[in-house]
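Notes for the one structure printed next.
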Amino acid sequence: MAALVTGLIPILRTAVDATTTYKCRSLWFGFLCVRLVILFLAELPFSKLDADFTCNGTKDSICTRDCFNRHFNKPMMVAWNFIYVLVIISVLLMELFTSHLRYVAQKRKGKADVEMEVQGKEAAPGVSTDPKGKTVLDLHRDRGSVGFYLFSIVLRILIETWFMYVLLSWNLPVLNNDPYKCYTKLCPELHVCIVRAAPEKRMSIYALASLSGIIIVVSVLFCMYSIAHYLCNF
């Protein structure tokens with residue numbers, strides 16, 4: 001739990017303390033926080049996966065470990081964490097872009113001699129300032145900003161789709177209730193192996209896949225909305 005709180009703090013601080021904002025920024029950071037919590041809970045049943053894998057008459061032997069490697073021949077938790085890092089990168093790309101626009105706006109504002117520029121009303125393309133002094137990315141004023149925003153969302157959709165493929169094609173099939181028959185070169189005799197607490201582990205897969213599905217649906221809908229609301233109204 002301490003690791004979970006430690007991971008949530010920088011995400012929440014970045015979401016709240018930002019000097020630059022854009023459409024649905026809080027939503028994407030909210031998904032990051034929810035994903036981190038679900039990921040932490042989903043990994044709990046897999047913390048002792050090697051101990052939960054048992055073969056008849058060969059407990060803790062080299063034959064069991066060989067069968068374990070053959071059965072779980074694709075990554076699980078490392079792949080999940082790596083994909084989560086990619087999701088964070090897709091969100092941070094938009095943060096870097098808005099920070100760049102804010103820097104350009106401040107630079108032009110500092111050099112301006114006209115009163116409207118000093119007030120920030122025409123500081124930079126696609127950038128405006130709200131009454132609280134926070135820089136707002138105005139997607140109505142610049143096609144480039146809309147295009148980069150859509151790029152970051154499409155990138156997130158691709159990452160989430162890949163994550164669902166990993167969960168449903170790589171991880172879920174090896175967690176069924178059926179016994180696993182194993183032959184190895186080290187131990188040529190037949191071994192029958194099972195995975196303990198398989199329903200709990202499958203539930204973790206379903207929870208992660210459900211969240212990814214929700215994020216994909218929301219992202220696709222927001223892409224359609226952005227195209228219709230911003231690009232079609234230029």
Side-chain angles (χ1 to χ4, degrees), residues 1-11 31-92 154-220:
M1 186 59 68
L4 174 63
V5 174
T6 303
L8 281 174
I9 288 176
I11 297 176
F31 278 138
L32 284 182
C33 294
V34 173
R35 164 65 67 80
L36 183 60
V37 174
I38 298 298
L39 191 62
F40 173 80
L41 297 176
E43 289 183 354
L44 292 179
F46 294 89
S47 59
K48 297 181 179 180
L49 183 60
D50 55 341
D52 292 337
F53 186 81
T54 306
C55 298
N56 60 324
T58 59
K59 183 175 178 58
D60 297 329
S61 70
I62 191 172
C63 298
T64 299
R65 297 184 181 184
D66 194 10
C67 289
F68 177 86
N69 290 336
R70 288 175 177 270
H71 188 58
F72 296 100
N73 59 347
K74 293 180 179 178
M76 280 194 178
M77 289 183 289
V78 174
W80 300 353
N81 294 326
F82 174 70
I83 293 175
Y84 180 68
V85 172
L86 294 181
V87 173
I88 294 177
I89 291 175
S90 70
V91 176
L92 291 181
V154 171
L155 181 61
R156 203 168 305 134
I157 293 173
L158 294 176
I159 294 172
E160 294 292 349
T161 303
W162 180 35
F163 186 43
M164 289 194 68
Y165 174 78
V166 170
L167 291 172
L168 301 180
S169 297
W170 289 9
N171 305 150
L172 188 61
V174 298
L175 295 174
N176 54 43
N177 291 323
D178 298 332
Y180 167 62
K181 297 180 180 180
C182 173
Y183 297 91
T184 68
K185 294 181 179 180
L186 295 175
C187 306
E189 64 273 13
L190 173 65
H191 300 287
V192 179
C193 308
I194 59 172
V195 180
R196 186 172 57 183
E200 283 192 23
K201 295 176 173 60
R202 289 199 300 271
M203 188 63 223
S204 296
I205 303 293
Y206 294 145
L208 290 171
S210 299
L211 180 59
S212 290
I214 293 173
I215 295 175
I216 290 173
V217 171
V218 172
S219 299
V220 170

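Position 1 is the first residue of the sequence, and the numbers go up from there.
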### Qualifying salt bridge (charged side-chain N to carboxylate O under 4.0 Å, His left out) pairs, either residue in residues 155-173, two or more places apart
R35-E160
Supply the atom-to-atom distance [X] [atom1] to [Y] [atom2], rounded to the nearest 0.5 angstrom.
X    : Y    : atom1 : atom2 : value
L32  : S90  : CG    : OG    : 7.0 Å
I157 : I215 : CD1   : CD1   : 11.0 Å
N69  : T184 : CG    : OG1   : 11.0 Å
L208 : I83  : CG    : CD1   : 10.0 Å
L39  : S204 : CG    : OG    : 10.0 Å
I205 : E200 : CD1   : CD    : 13.0 Å

[X] versus [Y]: any side-chain heavy-atom pair under 4.5 Å?
X    : Y    : value
F68  : C193 : no
L49  : M77  : no
L41  : V37  : yes
F163 : V87  : no

Would the distance check show the side chain of [X] and the main-chain N or O of [Y] forming a donor-acceptor pair, the cut-off being under 3.5 Å?
X    : Y    : value
N56  : V192 : yes
K201 : R196 : yes
S212 : A209 : no
N171 : F72  : no

#### Entry: Of T161, L158, I159, the residue whose pairing with I216 passes side chain to side chain contact (heavy atoms under 4.5 Å, CB included)
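Among T161, L158, I159, the one meeting side chain to side chain contact (heavy atoms under 4.5 Å, CB included) with I216 is T161.
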For [X] and [Y], work out which heavy atoms get closest and say how close.
X    : Y    : answer
L36  : Y84  : CB-OH, 3.4 Å
N176 : A198 : O-CB, 4.2 Å
V174 : V195 : O-CG2, 4.3 Å

### Task
Could you label the plane-to-plane angle of the H71 and Y180 rings as parallel, tilted or perpendicular, counting under 30° as parallel and over 60° as perpendicular?
tilted
### Task
Check the pair C55, C182 against disulfide bond (SG atoms under 2.5 Å apart), reporting the backbone distance first and the verdict last.
CA-CA 9 Å; C55 298; C182 173; over 6 Å; no
### Message
Which residue in the set W162, W170, F46 passes ring-ring contact (aromatic ring centres under 6.0 Å, His included) when paired with W80?
### Response
F46
### Query
Residues in salt bridge (Lys or Arg N to Asp or Glu O under 4.0 Å) with D66, at least two apart?
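Applying salt bridge (Lys or Arg N to Asp or Glu O under 4.0 Å) to D66 gives R70.
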## Note on the structure
With sequence neighbours left out, the residues meeting side chain to side chain donor-acceptor pair (under 3.5 Å) with N177 are R202
